[in-house]
Structures are given as structure tokens and as C-alpha cells.
Amino acid sequence: MSDRNDFISRTKFMEELMRYKKGSVSRRHFLGVTGLGLATSVLGATLSRQAMAQANIGDRVVIASWPNYHDPADFESFKAATGAAVDLNVFGSNEEMLAKLQAGGTGWDVFVPTNYTITTYVELGLIEPLDMSKIPNYDANAFDPRFAGPGTVDGKIYAVSKDWGTTGMATNTANNNSKAVTSWKEFWDITQGAFSGRTTVHDYQLTTIGNALKYFGYSFNSVDPKELADAEKLLLDVKPHLFAITSDYQPAMRNGDAWLAMCWTGDGKQLNRDMPEIEYTLGKEGGEIWSDFYAVPIGAPHRDAAYALINYLLDPAINMKETLFHGQPVADARVNAMLTPERLADPILYPAAELLNALEFGAAETLTNPDRAELMARFKSA
């Protein structure tokens with residue numbers, strides 16, 4: 001199975017989706033052209049059973065997730081199977097997600113937290129232990145415990161693995177006769193030099209501060225006051241040279257306004273796939289490795305629909321379509337068994353061991369550490 005030829009481009013998919021929504025083409029045509037018909041035939045009776053089991057989940061489910069992180073076709077097929085439309089809320093950082101949940105009234109049914117945040121959600125009573133009987137597509141034995149493990153706290157499963165990845169940098173090598181940036185020191189230095197006005201960094205304190213700390217060889221997770229002061233001075237020096245502080249940086253990279261971006265694996269893969277001159281690399285000093293999860297907040301207004309959506313997205317056939325779209329690797333061995341050897345050898349998705357070994361998972365303390373939060377606020381307002 002090819003991971004490129006069996007699926008139409010996102011542009012073509014959106015064209016066909018708009019035609020279908022306007023009534024210009026039949027449902028049969030839409031499913032056939034987009035490949036959803038193939039997915040449905042593969043799932044066959046499974047989808048029918050899911051549709052019957054989920055017939056009373058309501059007509060809506062709200063998911064809070066990251067930019068460029070889900071295949072719209074999978075949300076459409078979920079609606080076709082269950083009758084529940086998927087509303088997507090996009091956020092740019094785990095701090096933003098935490099603040100919204102603490103404020104209450106988000107209306108979210110499902111959200112997508114990162115590994116290091118889950119214990120905080122449990123301690124604050126913002127997340128419910130999952131009823132695993134409602135998620136039969138989750139097979140714990142199929143998931144790599146390195147990435148799925150943080151979803152379990154005190155023996156209870158609060159979140160199930162979505163995917164995993166790294167935080168690196170994307171360089172448009174067509175600009176300024178440049179080569180791909182391969183270290184965080186180079187990232188920050190070139191931003192103040194040849195790439196001045198052309199760099200984006202995340203609107204997210206974990207990664208932006210963490211990768212500034214790597215400039216000095218400090219831990220990505222440091223909360224040491226002296227080390228944070230060094231990182232803050234660097235960030236304030238760099239601030240006038242930035243194009244933007246944003247976690248949705250693909251548009252600027254695609255249209256040429258930005259030449260360099262702090263970048264997650266999936267965005268790096270999507271950009272490189274469509275524009276090979278944009279290369280994704282990791283900093284040789286280290287940085288972040290992460291895993292993301294599906295979770296249900298306390299008081300989810302469409303709880304049955306939340307479980308139905310999570311279960312649907314974890315069906316290996318659907319999860320395979322998700323990973324081909326968003327470009328993040330997944331921890332599910334059932335999905336990996338369906339991918340081509342070429343994809344499993346992709347250095348963007350599966351970096352060399354020496355690069356991976358230098359990376360750190362985010363630490364829980366960084367989410368609520370006041371010094372890091374205040375540093376990020378000063379940086380953004382400078």
C-alpha cells in the first residue's frame with residue numbers, strides 16, 4: 001500500500017468536499033473519489049456495528065486539538081457513521097488549554113493533551129478516568145508504553161495515546177542559499193542574522209523557552225532561575241528579529257514570509273511533502289520528544305459522543321488515515337503494520353537513535369511553574 005498514491009491531495013479533497021456539501025456531486029461520488037469509500041469497504045461490518053451502537057450519541061461532538069492535526073475526511077466519515085458532526089476547536093499551547101479548562105464552560109467533549117500535562121489535570125480534577133468499555137478499539141498491548149504510559153495515573157487510565165513526535169525546526173533551504181539548520185544555537189543565531197524577520201517560534205512556553213535553554217546546553221525542562229534568566233535574555237534579544245510568535249506557522253512557511261520555524265514533526269512532514277525544499281531537522285543539542293493523547297474533561301456535555309469519537313479514531317484503519325494526513329508517527333503496532341517500509345524508515349518521522357536519545361519528554365512542573373509562565377508573558381509583551 002502506498003502512503004501517497006492511494007489518497008488524494010488535501011486540496012483535491014477539500015474541493016470535492018465543497019462540491020459534496022453544495023450538492024453538486026452524490027455521496028457515492030464523494031466517497032469514491034476521496035477514498036472514504038475504500039475505507040468504508042475495508043471496515044465493512046465494523047462501521048455498521050459502530051453506527052448501530054452509537055445511534056443515540058446525539059448530533060454533535062466538540063474536540064479541542066492542535067493545528068493541522070486531523071484529517072477532515074475522518075470527521076466526515078464519523079458523521080456519516082454516527083450522525084454526530086465534529087466541531088474542531090484549535091489551540092496553540094497546553095497552557096492555553098489548561099487555562100480554558102480551569103475557567104470552565106469550554107463546551108469540549110474531547111481534548112488532546114500532551115504527556116507531561118496529564119498528572120496536573122488529574123490533580124486539579126479536570127479530567128475523568130476513562131471508561132475503557134466504551135473504547136474497545138484501544139488495545140493496550142498494541143501500544144508502545146514509552147508513549148502510551150503517561151495516560152495512566154495511579155493505576156487508572158485517564159488518556160489514550162493519539163500519536164507522538166519531536167520538536168525541531170523547519171528550514172526553507174531555497175532562501176539565502178541556506179542549508180537546513182541543525183542546532184538550536186544556529187537557530188537563534190541565524191534568526192538574528194541572515195534570517196532576521198523570517199523566523200517563527202511557538203506561542204507555547206514549553207518549547208520556546210525550552211529551545212532557548214538548549215542554546216546554552218541547559219535542560220529543556222529547566223526551572224533554575226539563573227538558567228531561565230539566560231534564556232530570557234536570549235529571547236528578548238531575538239524578539240525584534242522574529243516574523244511571528246505562533247503555533248500555526250505553516251501558512252507563513254508556505255507563502256515564503258517565513259524561512260525558518262520552530263516546528264513539530266507532523267508540520268515538518270506536511271511541509272516537506274508539499275515543498276521538498278523545506279527540510280525538518282532536530283537540534284543536535286537535544287530538545288523535546290512528546291506524546292499526545294485523547295482525553296475527556298469532567299462535565300463533557302456530549303459524553304457518549306466523546307467516547308464514540310475516540311473509539312472511532314483509534315480504529316487502526318482510521319488511525320492509519322490520520323497518520324498519513326497529519327504526519328505524526330503513532331504508537332499503535334497495528335497501524336504501523338499497515339504502513340509501507342519506506343514510511344517507517346522516514347527520517348523525519350523516525351529520526352536516528354543518536355538524535356532521539358538526546359531529547360527530553362516535557363516535565364509536569366513546567367506547565368505550572370510561575371517563573372516560566374512570567375518569562376513567556378514578558379517575552380510576548382516586549
Side-chain angles (χ1 to χ4, degrees), residues 1-10 13 31 34-50 65 68-75 77-78 81 112 115 130 132-152 157 159-166 264-266 268-270 272-273 280 289-294 307-353 355-357 359:
M1 176 185 302
S2 166
D3 58 29
R4 294 193 60 174
N5 297 331
D6 290 344
F7 296 88
I8 64 174
S9 69
R10 284 173 294 164
F13 171 80
L31 293 175
T34 60
L36 288 177
L38 174 62
T40 302
S41 67
V42 171
L43 293 173
T46 301
L47 277 181
S48 298
R49 288 194 299 271
Q50 287 180 344
S65 193
N68 314 304
Y69 217 28
H70 299 275
D71 187 343
D74 293 331
F75 289 163
S77 60
F78 176 78
V112 182
N115 53 279
L130 293 177
M132 299 308 295
S133 70
K134 296 178 182 288
I135 314 176
N137 284 330
Y138 182 76
D139 178 359
N141 294 325
F143 283 80
D144 187 329
R146 290 179 300 168
F147 306 115
T152 299
I157 299 177
V160 287
S161 177
K162 179 187 187 298
D163 49 35
W164 65 276
T166 59
W264 289 298
T265 298
K269 181 60 182 176
Q270 292 173 36
N272 179 258
R273 177 189 62 205
Y280 177 80
I289 184 171
W290 50 264
S291 54
D292 278 351
F293 293 79
Y294 294 114
Y307 278 98
L309 180 61
I310 293 171
N311 188 57
Y312 186 80
L313 293 174
L314 288 181
D315 184 294
I318 296 297
N319 204 1
M320 181 188 70
K321 291 181 80 267
E322 284 281 287
T323 191
L324 294 180
F325 177 85
H326 59 56
Q328 317 285 357
V330 297
D332 188 344
R334 300 169 300 176
V335 176
N336 291 332
M338 292 188 279
L339 299 175
T340 63
E342 291 78 13
R343 188 172 184 89
L344 294 172
D346 188 324
I348 293 177
L349 306 181
Y350 305 96
L355 291 171
L356 276 180
N357 290 341
L359 303 178

Do [X] and [Y] touch side chain to side chain, with heavy atoms closer than 4.5 Å?
| X | Y | answer |
| --- | --- | --- |
| Asp332 | Ser161 | no |
| Val112 | Tyr294 | yes |
| Gln328 | Trp290 | yes |
| Pro347 | Tyr280 | no |
| Met132 | Val160 | yes |

How long is the straight-line distance from [atom2] of [Y] back to [atom1] of [X], given to the nearest 0.5 Å?
| X | Y | atom1 | atom2 | answer |
| --- | --- | --- | --- | --- |
| Asp292 | Tyr69 | CG | OH | 3.5 Å |
| Tyr350 | Asn336 | OH | CG | 4.5 Å |
| His326 | Lys162 | NE2 | NZ | 3.5 Å |
| Leu309 | Leu314 | CG | CG | 9.0 Å |
| Leu130 | Thr152 | CG | OG1 | 9.0 Å |
| Leu344 | Thr340 | CG | OG1 | 6.5 Å |

Subject >> Among Leu324, Thr323, Asp346, side-chain contact (heavy atoms from CB on, under 4.5 Å) partner for Lys269 >> reply: Asp346
**OP:** Start with the C-alpha gap between His70 and Glu322, add the side-chain angles, then the distance that decides, and say whether side chain to side chain donor-acceptor pair (under 3.5 Å) holds.
**Re:** CA-CA 6 Å; His70 299 275; Glu322 284 281 287; 3.1 Å; yes
If you look at every heavy atom in [X] and [Y], which pair is closest and at what distance?
| X | Y | result |
| --- | --- | --- |
| Ala73 | Lys321 | CB-NZ, 4.1 Å |
| Ala148 | Phe143 | CB-CB, 3.8 Å |
| Pro351 | Thr166 | CG-CG2, 4.5 Å |
| Ser77 | Ile318 | OG-CD1, 4.5 Å |
| Met338 | Ala317 | CE-N, 3.9 Å |
| Asp163 | Pro329 | CB-O, 3.1 Å |

Where the side chain of [X] meets the backbone of [Y], is there a donor-acceptor pair that is under 3.5 Å apart?
| X | Y | answer |
| --- | --- | --- |
| Asn115 | Ser291 | yes |
| Asn357 | Ala353 | yes |
| Asn137 | Asn311 | yes |

Subject >> Qualifying residues under ring pair (Phe, Tyr, Trp, His ring centres under 6.0 Å), relative to Phe147, sequence neighbours excluded >> reply: Trp164
